2 protein chains.
Amino acid sequence: MEIVKESLILERKGVKPTANRILVLRTMLAASHPISLRELVMLLETMDKSSIFRVLNIFSVHHIVHAIEDGSGTIKYEICSGEKFCSIHDMHTHFYCEVCHQTFCFKNIHIPEIQLPEGFFMDSINYMVKGVCAKCSRKPASK
Amino acid sequence: MEIVKESLILERKGVKPTANRILVLRTMLAASHPISLRELVMLLETMDKSSIFRVLNIFSVHHIVHAIEDGSGTIKYEICSGEKFCSIHDMHTHFYCEVCHQTFCFKNIHIPEIQLPEGFFMDSINYMVKGVCAKCSRKPASK
DNA sequence: TCCTGTATGCAATCGGGTTGCATTTTTTTG
DNA sequence: CAAAAAAATGCAACCCGATTGCATACAGGA
């Protein structure tokens with residue numbers, strides 16, 4: 001329950017730990033799923049959307065979070081798992097439920113690797129599965 | 001070089017072959033890469049954006065094209081390869097070049113399958129690799 | 001304390017995607 | 001074949017997430 005846990009994370013990645021940045025990081029750590037800018041705006045009433053946006057950008061550059069596109073149209077952000085940076089082997093599969101519009105992390109399902117053609121260099125991979133999640137597939141029509 | 005090739009494709013998939021739809025389909029067949037609505041608007045000066053948009057939607061529903069999200073922020077559309085519909089096994093890997101902003105199809109690299117957790121059902125998969133393409137990696141700074 | 005660079009909030013803008021509605025075109029029907 | 005109905009299209013407007021310009025607030029160093 002250290003108060004400064006977030007500060008340490010930020011400093012270790014070379015980001016000055018301002019109050020807002022700690023706030024964003026703490027909120028994202030508490031969230032159990034990849035989170036959108038919109039959600040963060042709702043959760044952080046004290047912060048402006050643009051400030052959150054800029055914090056997320058800084059976090060991305062410094063490999064504190066990475067963006068995932070789940071096909072919902074809005075970008076989701078997720079805390080990087082690796083200490084140094086996110087390598088392919090740290091990346092995992094994501095699942096987007098078309099019913100409840102939630103994005104799930106399958107942390108234990110790593111992305112299968114492929115062999116790229118000559119001359120192509122990889123920066124990141126996104127393995128997105130769309131469908132219906134366990135909860136929504138259980139209750140057919142709960143509108 | 002059959003004039004009615006596109007018509008046949010459309011009819012086989014249950015879509016009435018109007019002039020505009022044939023036009024869109026022909027343009028997409030001619031394009032060697034997944035194409036965005038924006039590109040289609042530029043290529044098809046006679047058609048309105050909303051009309052192209054609606055044609056693409058109809059095509060999607062009838063499995064003539066499918067949408068892929070390459071992480072560029074704009075949706076790309078690609079002709080379905082399968083006769084009947086696009087199954088997982090028809091799906092292939094895509095590559096988005098962060099330099100030239102083009103999306104490539106690796107038609108011969110099929111998406112490796114994963115095992116979903118209990119209760120999760122799959123509709124579609126997107127396997128997106130981001131990085132630098134062969135052409136852009138050859139010429140370092142050609143701005 | 002003063003100065004400088006960074007961080008932040010506010011408001012405006014941008015752009016892709018989408019929709020409402022009137023018009024045109026096609027199909028159906030008498 | 002003409003009238004009526006249905007489908008397709010174009011135009012303009014709208015929605016909404018993402019992004020930026022700018023003025024202010026703040027932190028750290030001289």
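Values in this document were obtained by computation on a predicted structure and should not be read as measured data. FYI, side chains are in, hydrogens and waters are out, and symmetry mates aren't considered; it's all heavy atoms of this structure. So you know, we letter chains A, B, ... as the sequences are listed, proteins then strands, and number each from 1.
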Self-check item: With A:V61 via side chain to side chain contact (heavy atoms under 4.5 Å, CB included) - residues at least two apart
Solution: none

Quiz item: Base, sugar-phosphate alone, or nothing: which one does B:T46 contact when heavy atoms must sit under 4.0 Å apart?
Solution: sugar-phosphate

Quiz prompt | Atom-pair distance (CE on A:M47; C1' on C:dC10), nearest Å | solution = 14 Å

Exercise. Under the side chain to side chain donor-acceptor pair (under 3.5 Å) rule, collect the residues that match up with A:D70, sequence neighbours excluded.
Key: A:S72, A:K76, A:T103

Quiz item: Which residues pass the salt bridge (charged side-chain N to carboxylate O under 4.0 Å, His left out) test with B:E69, sequence neighbours left out?
Solution: A:K130

Quiz item: Tell me, for nucleotides 16-27 of chain C in 5' to 3' order, what letter each nucleotide earns: B for a base near a protein heavy atom under 4.0 Å, S for only sugar-phosphate near one, - for neither?
Solution: SBBBB------S

Quiz item: Taking CG from A:L23 and P from C:dA7, how many angstroms apart are they, rounded to a whole number?
Solution: 16 Å

Quiz prompt | Residue list, side chain to side chain donor-acceptor pair (under 3.5 Å) with B:Y96, at least two apart or on another chain | solution = B:H101

Quiz item: Could you state the CG-P distance from A:L40 to C:dT8, rounded to the nearest angstrom?
Solution: 14 Å

Exercise. For DNA chain D, note the earliest and the latest nucleotide, 5' to 3', having some atom under 4.0 Å of a heavy atom belonging to chain A.
Key: D:dG17 to D:dG21

Exercise. Give the intermediate values and the outcome of side-chain contact (heavy atoms from CB on, under 4.5 Å) for residues B:I79 and B:L25.
Key: CA-CA 8 Å; B:I79 303 279; B:L25 180 56; 3.5 Å; yes

Quiz prompt | Counterpart residues, side chain to side chain contact (heavy atoms under 4.5 Å, CB included), relative to A:P17 (two or more places apart) | solution = A:S7, A:L10, A:E11, A:I22

Practice problem: Kindly write out the residues that satisfy side chain to side chain donor-acceptor pair (under 3.5 Å) with B:D48, not counting sequence neighbours, or none if the list is empty. | Solution: B:S50

Practice problem: Check side chain to side chain donor-acceptor pair (under 3.5 Å) between B:S60 and all other residues, then give those that pass, not counting sequence neighbours. | Solution: none

